[in-house]
**Student:** 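Quick one: the structure is below, questions incoming.
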Protein chains: 2
Amino acid sequence: MKQTNAKLSSNGIKPTYQRMRILKFLHQNRTHPTADTIYRELLKDIPTISRTTVYNTLKKLNDRGMVAMLTITGNEARFDSETAPHHHFLCEKCGAIIDIDVRCPLADKMSVGGHTIKEIHGYFKGVCSRCVASVVDAKKGESPHEGENTTQ
Amino acid sequence: MKQTNAKLSSNGIKPTYQRMRILKFLHQNRTHPTADTIYRELLKDIPTISRTTVYNTLKKLNDRGMVAMLTITGNEARFDSETAPHHHFLCEKCGAIIDIDVRCPLADKMSVGGHTIKEIHGYFKGVCSRCVASVVDAKKGESPHEGENTTQ
DNA sequence: TTTCGTGCAAAGCATTTGCAAGTAG
DNA sequence: CTACTTGCAAATGCTTTGCACGAAA
């Protein structure tokens with residue numbers, strides 16, 4: 001918990017217990033969880049935590065650039081504590097968001113068409129390797145690679 | 001209206017008046033409007049049109065691949081009738097979404113990390129040329145390049 | 001005391017759904 | 001007749017806000 005504490009402090013955020021747990025959860029769960037998933041998971045350990053605190057904290061972390069907010073699914077925000085620039089892969093079958101380490105050459109541009117670039121965002125959409133492998137199972141009416149982490 | 005009619009028919013969508021007007025609106029307004037913007041604009045001409053019909057139509061057009069749904073702002077879907085692959089630029093000042101014709105070399109990949117790619121999405125975020133030019137005005141407390149089309 | 005964080009409840013907003021009435025073939 | 005479309009109203013789901021209580025400095 002030391003590292004988490006230090007990260008918060010050095011970014012001007014008072015390291016409360018809830019905040020440390022939220023940031024720690026993101027560091028440990030690289031599945032790009034939603035605010036609600038974080039809330040429900042932490043609720044198991046911290047019975048008094050509220051959605052408000054989770055949303056407040058994520059907003060604050062996002063404002064300081066400590067987490068990225070992904071809006072690629074359209075109906076919910078997903079959070080990513082990896083701050084180094086990278087891209088994502090969204091599986092249209094199971095909903096999983098996977099980090100992709102390929103780097104787009106365009107990412108080095110400072111401007112395009114006269115517009116000043118500050119960030120570049122990109123993601124691929126398709127079928128992840130696990131879903132491709134479980135096509136046979138899926139045809140049997142089973143849910144995609146059950147028991148494994150996906151959208152969570 | 002002939003072209004719009006034909007486009008709908010050839011995609012297996014019954015060309016009702018509302019649907020033609022919605023698709024036509026998207027062809028004529030390349031500002032990536034929201035569903036609600038489309039609704040409010042068409043309401044001026046078609047006093048009986050409903051949001052439901054706009055949403056239904058956009059969903060149907062999206063299903064057939066006739067329009068793209070952009071979720072880059074996070075709190076609302078924006079629609080684009082340009083079906084050729086291209087990227088976008090989101091201005092963090094005025095909210096405008098601008099088509100970008102640069103093509104990422106990664107767009108040719110069929111797979112990445114074992115995952116099958118079906119679509120590639122990318123956008124730049126920063127300050128558009130008009131907002132950069134109107135920084136002085138903005139400091140005077142004025143809204144970004146007023147009178148021009150932006151988020152609409 | 002003053003400021004900040006927490007969490008409950010309510011509100012807000014984009015979108016979806018249920019359903020009754022209308023339209024086309 | 002039969003299938004599809006429209007649009008109102010209500011519901012849904014994610015997120016934000018108002019507010020009172022509590023903790024920290």
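Numbers restart at 1 for each chain; the letters A, B, ... are given by sequence-line order, proteins then strands.
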**Student:** Take atom CD of E76(A) and atom P of dT15(C), then tell me their distance rounded to the nearest Å.
**Tutor:**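 To the nearest whole Å, that distance equals 15 Å.
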**Student:** What is the separation between atom CG on L70(B) and atom P on dA14(C), rounded to the nearest whole Å?
**Tutor:**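 For the pair L70(B) CG and dA14(C) P, the rounded distance is 17 Å.
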**Student:** Would you grab the first and last nucleotide of DNA chain D (5' to 3') that comes under 4.0 Å of any non-hydrogen atom in chain A?
**Tutor:**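 Span of nucleotides near chain A: dC14(D) to dT17(D).
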**Student:** Could you report the tightest heavy-atom contact between I13(B) and M66(B), atom names first, then the distance?
**Tutor:**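 In terms of heavy atoms, the two residues are closest at CD1-SD, 4.0 Å.
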**Student:** So, does R19(A) get its side chain near the phosphate of dT6(C), meaning an N or O under 4.0 Å from OP1 or OP2?
**Tutor:**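 Yes, R19(A) has a side-chain N/O under 4.0 Å of OP1/OP2 on dT6(C).
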**Student:** Should T48(A) be listed as having a side-chain N or O under 4.0 Å from OP1 or OP2 of dT6(C)?
**Tutor:**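 Negative; the distance criterion is not met.
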**Student:** Between F25(B) and V54(B), is there a side-chain heavy-atom distance shorter than 4.5 Å?
**Tutor:**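 A side-chain contact under 4.5 Å is absent here.
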**Student:** Which residues within residues 52-69 of chain A lie with some heavy atom under 4.0 Å of an atom in DNA chain D?
**Tutor:**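 Heavy-atom cutoff 4.0 Å gives T52(A), Y55(A).
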**Student:** Using whole Å, report how far CG of L8(A) lies from C1' of dC4(C).
**Tutor:**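 Rounded to whole Å, this separation is 15 Å.
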**Student:** Which whole-number value in Å describes the distance from R21(A) CZ to dG7(C) P?
**Tutor:**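 In whole Å, dG7(C) P lies 13 Å from R21(A) CZ.
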**Student:** Could R21(A) and D45(A) be called an ion pair, given the rule that one side-chain N must be under 4.0 Å from one carboxylate O?
**Tutor:**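 Yes.
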**Student:** Starting at atom CZ of R51(A), determine the distance to atom P of dG7(C), rounded to an integer number of angstrom.
**Tutor:**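 In whole Å, dG7(C) P lies 13 Å from R51(A) CZ.
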**Student:** Are side-chain heavy atoms of N29(B) and E41(B) found at a separation under 4.5 Å?
**Tutor:**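 Not in contact.
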**Student:** Apply the side-chain hydrogen bond (donor to acceptor under 3.5 Å, both in side chains) test between D99(A) and each candidate in H32(A), R30(A), H87(A); give the one that qualifies.
**Tutor:**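 With D99(A) as partner, side-chain hydrogen bond (donor to acceptor under 3.5 Å, both in side chains) holds for just one option, H32(A).
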**Student:** Determine whether a donor-acceptor pair (N or O, by modelled atom type, separation under 3.5 Å) exists between the side chain of H115(B) and the backbone of S129(A).
**Tutor:**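 Between the backbone of S129(A) and the side chain of H115(B) there is a qualifying donor-acceptor contact (under 3.5 Å).
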**Student:** Would you say Y55(A) and M20(A) are hydrophobically clustered, going by side-chain heavy atoms of ILVMFWY under 4.5 Å?
**Tutor:**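 No, no single cluster joins them.
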**Student:** Would you say I98(A) and M110(B) are hydrophobically clustered, going by side-chain heavy atoms of ILVMFWY under 4.5 Å?
**Tutor:**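 Each belongs to a different hydrophobic cluster.
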**Student:** Atom CG of L43(A) and atom C1' of dC8(C): how far apart are they, to the nearest Å?
**Tutor:**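 After rounding, the gap between these two atoms is 14 Å.
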**Student:** Give D36(A) one of three labels, base, sugar-phosphate or nothing, depending on what nucleic acid heavy atoms sit under 4.0 Å from its own.
**Tutor:**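 No contact.
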**Student:** For DNA chain D, whose closest nucleotide is more 5', that of I13(B) or that of K14(A)?
**Tutor:**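 Result of the comparison: I13(B).
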**Student:** Please report the distance, rounded to the nearest Å, between CG in N75(A) and C1' in dC13(C).
**Tutor:**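 Taking CG of N75(A) and C1' of dC13(C), I get 15 Å after rounding.
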**Student:** When you measure from the side chain of H86(A) to the backbone N and O of A84(A), does any donor-acceptor pair fall under 3.5 Å?
**Tutor:**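 Between the backbone of A84(A) and the side chain of H86(A) there is a qualifying donor-acceptor contact (under 3.5 Å).
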**Student:** Whole angstroms only, please: what is the CD1-P distance between I46(A) and dG5(C)?
**Tutor:**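 The answer, rounded to whole Å, is 17 Å.
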